[in-house]
Amino acid sequence: MTTRRRMLGLLAACVADRAFAQGVSSRGVKPQPRGKPSGRPFHARLTDVAAQAGLTQPVVYGGVDTKSYIIEVVGCGVAFLDYDNDGWLDLLVLNGTRLEGAPPGATNRLYRNNRDGTFSDVTQKAGLTRTGWASAVTVGDYDNDGFDDLFVTYYGHNVLYHNNGDGTFTDVTEKAGLRQEAVRYASGCTWVDYDRDGRLDLFVAYYLDTTLEKLPKPGENADCRWKGVPVNCGPRGLPTGFVQLLRNNGDGTFTDVSRKAGVAAAAGSYPMTTVAADYDNDGWPDIYVACDSTPSWLFRNQQDGTFRQEGLERGVALSEDGLEQAGMGVAVGDYDLDGNLDIFKTHFSDDTSVLYRNDGKGYFNDVTIRAGLGVETRYIGWGAGMVDLDNDGLPDLFVVTGSVYPEVERTLPAYPFRTPRLVFRNLGDGRFEELIDEAGPGVAAPHPSRGCAFGDFDNDGDVDVVVMNMNEPPSLLRNDVTGGGHWLKVLLVGVKSNRSAIGARVLARYGGRTQAQEVSAQSSFYSANDRRLHFGLGPATSAELTIAWPSGATERIGSVAADHLVVIREGAGIVRKQGFGGQTAKE
C-alpha cells in the first residue's frame with residue numbers, strides 16, 4: 001500500500017509540475033449539482049455583534065480600491081485568548097498598513113472581555129502597539145509560567161511578546177535570539193513541542209523569498225493578469241518560500257534547528273497556514289502546511305528530533321485528480337467521528353475546498369465530492385473551522401471568503417470583492433449541506449475576509465467566531481443555539497507536558513459516538529482558536545474522556561456531566577468544574 005501511494009505521489013507531482021508550468025491560477029472546476037435540501041432545521045444562528053461589542057476600529061490592510069502588490073492582499077489573522085486568566089476570552093486583532101505608510105490608529109489591537117458582551121481596547125496598556133504588515137499569530141505559554149505568550153509574524157520582522165502576568169506584554173524578540181536582520185515575508189507560525197521535552201518550540205513559515213522592492217507591477221507579465229484584468233502579481237512567478245524550526249532552550253532563548261531537523265530541505269512551494277497535530281496517531285506531533293498554488297507539505301515527526309516531508313505520499317499535497325490547489329486556510333477535526341484527525345483546506349475561486357479523510361495511519365483520501373462539498377466554487381476561501389456550531393454532536397465546517405482583486409469587480413461583476421461566509425452542516429453520514437442564509441445574517445453578509453478564530457466569548461455553551469475583514473472593522477459572530485443540544489468544554493493544563501497542553505489529544509465518547517480533538521496553537525488562516533476544546537454532545541447528557549498528553553501519559557475520566565467546562569490538570573484529573581450559569585464546583 002505504501003509503495004502504491006508513493007507511485008501515485010510521484011505521478012501527481014509530475015502532473016502538478018506540468019500544471020505549474022502552464023501558469024494555471026485555479027483548476028477551473030465546475031460546481032457539482034446540488035442535491036435536494038435535507039429539510040432539517042439548523043439550530044445555530046450567527047449574528048454580527050461587533051459594533052455593539054465595541055469592535056469598531058477597521059483593520060487597515062493595503063489599498064482599498066486597488067492592490068498593487070501581493071503583500072497588500074493576503075491579510076492577517078486573529079486570536080481568541082485568555083491573556084489574563086479570568087476565564088473569559090479576549091481578542092487579538094492583527095493589523096496591516098499601507099504602501100504610503102500607516103494611517104493613525106493602524107496597530108494590532110488587544111481587546112479585553114468585559115464579561116457583558118462588550119470589549120475594552122487595552123492595546124496601549126498591554127504594550128502591543130506596533131504597525132506594519134502583520135501576518136499570523138500563535139498563542140502559547142513558551143516559558144510555562146501560566147500565562148499565554150504571543151508570537152506574531154510579519155512582512156518585515158517577527159516579534160515574540162512575553163506575557164508578564166499583570167496585563168502587559170514585553171517584546172523579548174532579541175533577548176530570545178529570534179531577531180532577524182533581513183526583511184522577510186513570514187506567513188504561518190505555530191507553537192509545537194516537537195521533541196516532547198515539555199517546552200514549546202516554534203515553527204515558522206515564509207510565504208515568499210523576496211522583498212517589496214523586487215516585486216513586479218500589475219500587468220507586467222502573464223502572472224500579473226487575472227481573467228484579462230491587470231492585477232497584483234503572484235504568487236506564481238515569484239521566488240518560493242521556506243520554513244524554519246526553532247528549538248526552545250528552556251532559558252528563554254531559541255536555537256534554529258531547521259537543517260538538523262530536516263525541515264529546511266522542503267522547497268518549491270508557497271507555505272501559508274501551519275497546523276501541528278498528531279496526524280498518524282503515533283503520539284508525536286506532525287506539522288501540516290497549506291501551500292498556495294503549489295503542493296502542500298506534511299512534515300512527519302520521526303521521533304528523533306527530525307521530520308520527513310511526506311505530503312505526496314500521505315495524500316495531502318494535491319487534489320484527488322493530482323493537481324495543485326491554492327491552499328490558504330486549514331481546519332483540523334474529526335468530521336466522521338472515527339477518532340482520527342481529518343484535514344479541511346480552503347482554496348481559490350473556480351475550485352473547491354478539499355476535505356481529506358484520515359485512515360487512522362496518517363494516510364488521507366480526498367473525499368471532497370462524495371462529502372457534498374463540490375457544490376461551491378464561487379469564492380476564494382481563507383479562514384476555516386471544523387466545529388460543532390449547533391451542538392448536535394457532529395462537527396460542521398465554517399469558511400470565510402473574500403476576493404484578492406478589488407479591480408476585477410468593476411469589469412467582471414460576477415467576481416465581487418466582498419463575499420459571504422459559508423457553513424457546511426454535517427449530516428452525519430459523511431456528507432455536508434451548504435447553508436448561507438439559513439445560518440444567520442452574520443454568515444450571509446458579504447465582506448473581504450481573511451483570518452477567523454473560534455471560541456465561546458460569552459460563555460454560553462456554543463462556538464462563536466471572530467473574523468478579520470480587509471479595511472473594515474472585524475466581525476464578531478455571536479452564535480445563538482436552540483434545539484436543546486448539550487455540550488462539554490475541556491481546558492487542559494500540562495504539568496510534565498507543556499503548560500498550554502498544546503498537542504494534547506482528547507477522545508470524547510458520548511451517545512455511542514467518539515470524537516477526537518487536539519489542542520493546537522494555530523489553525524484556520526493565520527489565527528489561533530480558544531484552547532478550551534468544545535464538544536457538542538447532541539442529546540447525550542454526559543461524556544467519557546480519554547486524554548493523551550504530549551508527555552506520553554494517558555488519562556481516562558468517566559461520565560463527565562454535560563453543559564460544563566471542566567479543567568483537567570495532567571495527572572490530577574478534573575480540578576475545576578464550571579456550570580452553564582457560571583456556577584463553580586471544586587472536584
Side-chain angles (χ1 to χ4, degrees), residues 26 29-32 34-35 37-38 41-51 55 58-59 61 64 73-75 77-78 326 328-329 331 344-355 368 371-387 389-390 396-406 408-410 412-426 432-454 463-480 524-527:
S26 62
V29 172
K30 293 182 179 179
Q32 295 289 308
R34 294 176 184 270
S38 69
F42 187 59
H43 293 298
R45 185 170 179 82
L46 293 159
T47 304
D48 190 349
V49 297
L55 309 180
V59 179
Y61 223 97
V64 177
V73 309
V74 174
V78 292
M328 271 88 85
F344 177 76
K345 181 155 59 82
T346 58
H347 295 119
F348 213 77
S349 59
D350 296 330
D351 197 358
T352 64
S353 293
V354 64
L355 179 63
T368 306
L373 302 177
V375 300
E376 185 57 80
T377 63
R378 293 173 292 177
Y379 311 120
I380 300 175
W382 297 91
M386 198 179 297
V387 292
L389 292 169
D390 56 353
D396 310 297
L397 298 171
F398 180 94
V399 181
V400 302
T401 72
S403 176
V404 296
Y405 305 131
V408 170
E409 185 176 10
R410 295 191 288 268
L412 300 170
Y415 293 92
F417 187 61
R418 293 169 175 80
T419 52
R421 292 76 188 249
L422 310 172
V423 169
F424 291 95
R425 181 250 296 275
N426 194 330
F432 292 83
E433 176 180 43
E434 184 179 19
L435 306 175
I436 298 180
D437 293 324
E438 302 92 330
V443 174
H447 293 275
S449 302
R450 296 296 187 264
C452 66
F454 301 86
V463 177
D464 311 301
V465 191
V466 61
V467 184
M468 178 272 186
N469 301 316
M470 302 280 279
N471 292 308
E472 298 178 3
S475 297
L476 181 61
L477 306 185
R478 188 191 66 212
N479 190 3
D480 297 300
S524 182
F525 177 75
Y526 291 1
S527 299

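Because only heavy atoms are used, hydrogens play no part in the values below, and waters and symmetry mates are left out as well, while side chains stay in. Note that this is a predicted model, so its numbers are computed, not measured.
Residues satisfying the side chain to side chain contact (heavy atoms under 4.5 Å, CB included) criterion with Val354, sequence neighbours excluded, are Gln325, Lys345, His347, Tyr356, Asp366, Thr368. Remark: Pro406 engages Lys67, Phe417 in a side chain to side chain contact (heavy atoms under 4.5 Å, CB included) (not counting sequence neighbours). A search for side chain to side chain contact (heavy atoms under 4.5 Å, CB included) contacts involving Ala371 returns Leu355, Leu373, Phe432, not counting sequence neighbours.
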Under the ring pair (Phe, Tyr, Trp, His ring centres under 6.0 Å) rule, what do Phe454 and Phe398 come out as? Steps first, then yes or no, please.
CA-CA 10 Å; Phe454 301 86; Phe398 180 94; 5.7 Å; yes

Before you tell me yes or no, could you show the steps for Glu434 and Leu422 under side chain to side chain contact (heavy atoms under 4.5 Å, CB included), namely the whole-Å CA-CA distance, both residues' side-chain angles and the distance that decides it to 0.1 Å?
CA-CA 7 Å; Glu434 184 179 19; Leu422 310 172; 3.4 Å; yes

Start with the C-alpha gap between Arg421 and Cys452, add the side-chain angles, then the distance that decides, and say whether side chain to side chain contact (heavy atoms under 4.5 Å, CB included) holds.
CA-CA 11 Å; Arg421 292 76 188 249; Cys452 66; over 6 Å; no

For His447 and Ser475, run side chain to side chain contact (heavy atoms under 4.5 Å, CB included): C-alpha distance rounded to whole Å, both residues' side-chain angles, the deciding distance at 0.1 Å, then the answer.
CA-CA 9 Å; His447 293 275; Ser475 297; 4.1 Å; yes

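Arg45 is listed as a side-chain neighbour of Pro441, based on a closest heavy-atom distance under 4.5 Å. Taking the side chain as every heavy atom from C-beta outward, Asp464 and Val466 never approach each other to under 4.5 Å. Ser349 places a side-chain heavy atom less than 4.5 Å from the side chain of Ile380. Using a 4.5 Å heavy-atom threshold, the side chains of Val443 and Leu435 count as separate. Looking at Val400 and Phe525, their side chains never come closer than 4.5 Å, going by heavy atoms from C-beta outward.
To the nearest 0.5 angstrom, Trp382 atom CH2 is 8.0 Å from Phe348 atom CZ. The CG atom of Asn426 lies 11.0 Å from the CD atom of Glu433; values are rounded to the nearest 0.5 Å. In this structure, CZ in Phe42 is found 6.5 Å from CZ in Arg425, a value given to the nearest 0.5 Å.
What you find for Leu46 and Asn479 is that their closest heavy atoms are CD2-CB, 3.6 Å. Closest non-hydrogen pair, Leu55 versus Leu476, comes out as CD1-CB, 3.9 Å. Heavy atoms only, all atoms of each residue included: Val467 and Leu477 are closest at CG2-CD1, 4.3 Å. For Glu376 against Phe424, the heavy-atom pair with the smallest separation is CB-CZ, 4.0 Å. Taking every heavy atom of both residues into account, Gly75 and Met468 meet most closely at CA-CE, 4.1 Å. Considering every non-hydrogen atom in both Asp437 and Ala444, the closest pair reads OD1-CB, 3.2 Å.
Between the side chain of Glu472 and the backbone N or O of Met470, no donor-acceptor pair lies under 3.5 Å. Ser524 places a side-chain N or O within donor-acceptor distance of the main-chain N or O of Ala384, the cut-off being under 3.5 Å. Arg418 places no side-chain N or O within donor-acceptor distance of the main-chain N or O of Ala445, the cut-off being under 3.5 Å. No donor-acceptor pair closer than 3.5 Å links the side chain of Thr377 to the backbone N or O of Thr352. Listed for the Thr346 side chain is no donor-acceptor partner under 3.5 Å among the backbone atoms of Ser353. Distance alone, capped at 3.5 Å, is enough to place a donor-acceptor pair between the Thr419 side chain and the Gly402 backbone. Formation of a donor-acceptor pair under 3.5 Å by the Asp396 side chain with backbone atoms of Val423 is not found in this model.
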